[in-house]
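Working notes, beginning with the structure itself.
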Amino acid sequence: MKVKSIVKLGAVAALATVSLAACGTSSSSSKQAKDQTLTWMESSTLPTMDNSLATDVVSGETLNNTGEGLLKFGKNSSTHPGVAKSYTKSKDGKTYTFNLRKSNWSNGDKVTARDFVYGWQRTVNPKTGSQYAYLYADVLNANAIMKGKKAVSTLGIKAVGDYKVKVTLVHPVSYFPTLVAQTAFFPQNKTAVTKYGKKYATNAKDNVYNGPFKLTYWTGTSDNWTLSKNSKYWDAKNVKLDKIKFSAVKDPQTALSQYQSGKLDAIYLSGQQPKNYKNDKDYHARNSSRVTYIELNEKKDSMMRNKKARQALSLVLNRKQFVNKVMDDGSKVATGIVTSGLAIRNGKDFAKEGTIPAAMEHNVAKAQKLWKQALKETGRKSYALTLMADDTAEGKSTTEYVQSQWSKLSNFKVTNSNLPYKTRLSRSASGQFDAVVTLWGADFPDPITDLSLFTSDNTYNNGKWSNKTYDKLINDATTTNANKPAARWQNMVDAQKVLLKDQGIIPVSQSGKPQLVKSKVKGVVYFPVSSNWDFSKAYIANK
């Protein structure tokens with residue numbers, strides 16, 4: 001079942017779809033089975049359980065169910081009480097005071113305001129190396145701390161006793177409540193971090209949890225991991241599942257066989273599977289706020305710094321053919337880095353307002369001309385690169401298609417390299433690539449969650465594209481015009497157009513997320529924003 005609604009965040013509205021697996025919304029609609037164990041497929045292994053370091057969907061999903069922040073997402077991507085039972089905002093919009101409920105970590109320690117102070121300070125501390133630290137940019141002194149110019153103790157968050165957190169912002173941020181619902185803003189237990197040292201969050205036992213579940217099996221490298229009900233969670237009485245067993249299954253056919261044999265209750269579909277099963281009663285076509293795009297390493301190679309070369313690599317791609325013939329899973333042609341339906345203002349979708357059709361055009365003749373010019377301008381007769389992506393079915397399909405298209409360009413050799421998810425993430429972050437297929441899902445329903453990635457100093461700007469006009473527009477949107485909805489919106493529209501016109505990245509597609517879920521699975525909530533899941537109200541019904 002798909003439910004659509006509009007969520008207002010200041011002057012920006014987000015069109016968010018929430019899916020309840022098998023349309024189950026309450027235990028009263030069906031009796032619960034004796035065995036409350038859910039088996040769930042993931043396409044990649046779990047990289048980390050350190051919420052200061054997590055950057056991926058798999059880690060985010062697991063952290064979202066083993067931890068809890070001040071607020072949490074509910075239906076329609078609205079925010080609801082989490083550890084904070086209530087909060088107030090000052091008239092100038094720059095000070096938030098969160099009143100905490102009494103809750104505990106899985107080891108019995110109290111979750112206090114100091115855990116939030118420590119967790120936030122640890123994430124912005126440059127020594128931690130968090131790629132998500134930039135999300136704190138609007139918190140007082142965060143930018144100076146991240147640059148090593150101020151002590152972490154000056155961050156705009158204070159503990160007022162055990163159960164009150166006071167946050168001071170540089171300027172009003174209309175979407176701030178959705179930020180503190182992110183895993184990067186979760187509390188951290190200083191005693192546990194110190195005790196486990198380098199082993200902290202690298203396996204199931206060297207960690208503590210304050211969410212509805214706790215991680216009870218994960219070696220740090222295993223393809224399987226298990227969540228168990230956390231009896232110390234403040235709302236444990238309403239958590240129905242006893243266990244969730246995750247399995248990373250990279251081969252779609254293997255996943256389907258395990259689903260049919262009853263070993264998995266939910267799987268993701270790819271290749272021809274969505275077409276074959278779209279009329280099945282267990283089929284769910286999830287919407288997604290995730291974009292597939294290609295980053296080109298401009299720091300490493302002068303060819304990738306050549307605008308004509310980047311434009312040629314984009315122009316030669318037939319995106320319609322890719323989404324309709326190769327993926328055929330509900331994916332759409334990307335119009336930019338911001339997905340359609342993510343943000344709407346005055347009835348206008350940002351994805352349409354901020355696009356440049358020419359940047360998504362398919363024109364092989366024009367691409368050939370630009371490519372030849374780029375070769376000449378960089379003093380080359382030929383060129384070769386390696387295209388990196390995940391070793392998943394989706395990753396392999398994407399690299400194979402892009403390789404077939406890019407190979408149409410004169411004197412150009414493309415070699416594909418499909419690597420384990422964790423390895424690909426690491427190499428992307430360290431700049432060890434020529435070109436890489438990257439997947440990014442919006443973390444909150446505002447265009448800035450996507451656009452901020454490509455400022456010159458953002459750690460997620462792996463290709464090192466840099467544009468002063470772009471940087472200024474993003475800065476204006478987040479500072480000068482932060483509380484001026486119309487001006488801020490226009491800043492962001494103009495910024496995406498700069499990114500696309502200069503082909504700073506090559507957007508390819510907006511992902512679909514087709515899935516089969518057993519009808520006995522009830523109450524699982526899916527959030528398109530961040531492509532996340534909430535299992536806290538899920539249960540297994542009698543057949």
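Values below: every heavy atom of this structure, side chains too, minus hydrogens, waters and symmetry copies. Values in this document were obtained by computation on a predicted structure and should not be read as measured data. Residues: numbered from 1 along the sequence shown.
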Check: Asn461 side chain, Thr455 main-chain N or O, donor-acceptor pair, under 3.5 Å: yes
Could you tell me whether the side chains of Ser270 and Glu394 share a donor-acceptor contact shorter than 3.5 Å? no
Judged by atom type as modelled, is there a donor-acceptor pair below 3.5 Å linking the side chain of Trp406 to the main-chain atoms of Leu313? yes
So, does Gln503 use its side chain to make a donor-acceptor pair with the main chain of Arg310 at under 3.5 Å? no
Ser417 to Thr386 - nearest heavy-atom pair and separation: CB-CG2, 3.6 Å
Can you list the steps and then say if Lys518 with Asp265 is a salt bridge (Lys or Arg N to Asp or Glu O under 4.0 Å)? CA-CA 5 Å; Lys518 298 286 188 182; Asp265 295 322; over 6 Å; no
Under 4.0 Å between a side-chain nitrogen and a carboxylate oxygen: does that hold for Asp476 and Lys472? yes
Salt bridge between Asp446 and Arg488, side-chain N to carboxylate O under 4.0 Å? yes
Between Ser428 and Glu295, does any side-chain donor sit less than 3.5 Å from a side-chain acceptor? no
Output, in order, the C-alpha distance, side-chain angles, deciding distance and verdict of side-chain contact (heavy atoms from CB on, under 4.5 Å) for Ser59 and Met49. CA-CA 6 Å; Ser59 297; Met49 280 297 288; 5.8 Å; no
Answer yes if the ring centres of Trp533 and Phe527 are under 6.0 angstrom apart, and no otherwise. no
Examine distances only and state if a side-chain atom of Asn458 and a backbone atom of Ser452 form a donor-acceptor pair shorter than 3.5 Å. yes
Lys250: what forms a side-chain contact (heavy atoms from CB on, under 4.5 Å) with it, not counting sequence neighbours? Asp391, Pro420
Carefully, step by step, assess Asp534 and Asn65 under the rule side-chain contact (heavy atoms from CB on, under 4.5 Å). CA-CA 6 Å; Asp534 180 0; Asn65 285 282; 3.8 Å; yes
Backbone N or O of Tyr132 within a donor-acceptor pair of the Ser130 side chain at under 3.5 Å? yes
Is the backbone N or O of Lys484 less than 3.5 Å from a side-chain atom of Asn481, with the two atoms forming a donor-acceptor pair by type? no
May I ask you to test the Asn64-Glu61 pair for a side-chain heavy-atom distance under 4.5 Å? no
Pair Gln321-Tyr401, side-chain donor/acceptor within less than 3.5 Å: yes
Any donor and acceptor pair, going by atom type alone, linking the side chain of Glu361 with main-chain N or O of Pro357 inside 3.5 Å? no
What's the shortest heavy-atom distance between Thr45 and Ala248, and which atoms? N-CB, 3.8 Å
Does Thr399 reach the main-chain N or O of Lys396 with its side chain, forming a donor-acceptor pair under 3.5 Å? yes
Ring pair (Phe, Tyr, Trp, His ring centres under 6.0 Å) involving Phe350 - partner list, sequence neighbours excluded: Trp489
Any donor-acceptor N or O pair under 3.5 Å, side chains Asp50, Thr48: no
Please report the C-alpha distance between Ile294 and Ile505 in whole Å, then the side-chain angles of each, then the deciding distance to 0.1 Å, and finally whether the side-chain contact (heavy atoms from CB on, under 4.5 Å) criterion is met. CA-CA 6 Å; Ile294 300 171; Ile505 59 170; over 6 Å; no
I'd like to check Gln496 versus Leu451 (side-chain heavy atoms, cut-off strictly below 4.5 Å). Are they in contact? yes
Nearest heavy atoms of Ala389 and Gly395, plus distance in Å: CB-O, 4.0 Å
Do Tyr259 and Asp282 meet the criterion of a side-chain donor-acceptor pair at a distance under 3.5 Å? yes
Looking just at side-chain N and O atoms, do Arg290 and Ser509 make a donor-acceptor pair shorter than 3.5 Å? no
Expected output: side-chain Thr62 to main-chain Val58 donor-acceptor under 3.5 Å: yes
Measure the spacing between CE of Met492 and NZ of Lys497 and express it to the nearest 0.5 Å. 13.5 Å
Decide yes or no for Trp40 and Glu42: does some side-chain heavy atom of the first lie under 4.5 Å from some side-chain heavy atom of the second? yes
Taking C-beta and beyond as the side chain, do Val517 and Arg286 meet within less than 4.5 Å on heavy atoms? yes
Which of parallel (below 30°), tilted (30 to 60°) and perpendicular (above 60°) describes Tyr87 and Tyr96? tilted
Does the side chain of Thr123 come within less than 4.5 Å of Tyr136's, by heavy atoms? yes
Looking only at the side chains, is there a donor atom on one of Thr355 and Thr335 sitting less than 3.5 Å from an acceptor on the other? no
Could you tell me if Tyr283 and Asn276 have a donor-acceptor pair between their side chains, going purely by distance under 3.5 Å? no
Report yes if the side chains of Asp434 and Leu387 come closer than 4.5 Å at any heavy-atom pair, otherwise no. no
Under 3.5 Å side-chain donor-acceptor pair for Asn306 and Thr378: no
Among Asp56, Leu53, Thr55, exactly one meets side-chain contact (heavy atoms from CB on, under 4.5 Å) together with Pro47. Which residue is that? Asp56
Indicate yes or no for a side-chain donor-acceptor contact from Asn51 to the backbone of Thr183 under 3.5 Å, with no hydrogens or angles considered. yes
So His171 and Asn483, do their side chains get closer than 4.5 Å, heavy atoms only? no
Rounded to the nearest 0.5 Å, how far does CG of Asn318 lie from CD of Gln405? 6.0 Å
Check the side chains of Gln403 and Asn416 for a donor-acceptor pair under 3.5 angstrom, ignoring hydrogens and angles. yes
Which of these passes salt bridge (charged side-chain N to carboxylate O under 4.0 Å, His left out) with Glu377: Arg305, Lys372, Lys308? Lys308
Please say whether more than 12 non-hydrogen atoms of neighbouring residues, nucleotides or ligands are located less than 6.0 Å from NZ in Lys408. yes
Could you pull out the closest heavy-atom pair between Thr449 and Ala442, with the gap in Å? CG2-CB, 3.6 Å
Is it true that atom NZ of Lys89 has more than 12 heavy atoms of other residues, nucleotides or ligands lying nearer than 6.0 Å? no
Would a 4.5 Å heavy-atom cut-off, applied to side chains only, mark Tyr470 and Asp502 as touching? no
What distance separates Leu315 CG from Met360 CE, expressed to the nearest 0.5 Å? 10.5 Å
Does anything in residues 285-306 pair up under ring pair (Phe, Tyr, Trp, His ring centres under 6.0 Å), and if so which pairs, sequence neighbours excluded? Tyr293-Phe454
Which of Val291, Asp390, Val57, Val508 passes side-chain contact (heavy atoms from CB on, under 4.5 Å) with Leu439? It is Asp390
Ile337 CD1 to Leu500 CG distance, which is reported to the nearest 0.5 Å: 9.0 Å
Under 3.5 Å side-chain donor-acceptor pair for Ser331 and Gln510: no
Crowded around Lys278 NZ? As in, over 12 foreign heavy atoms under 6.0 Å? no
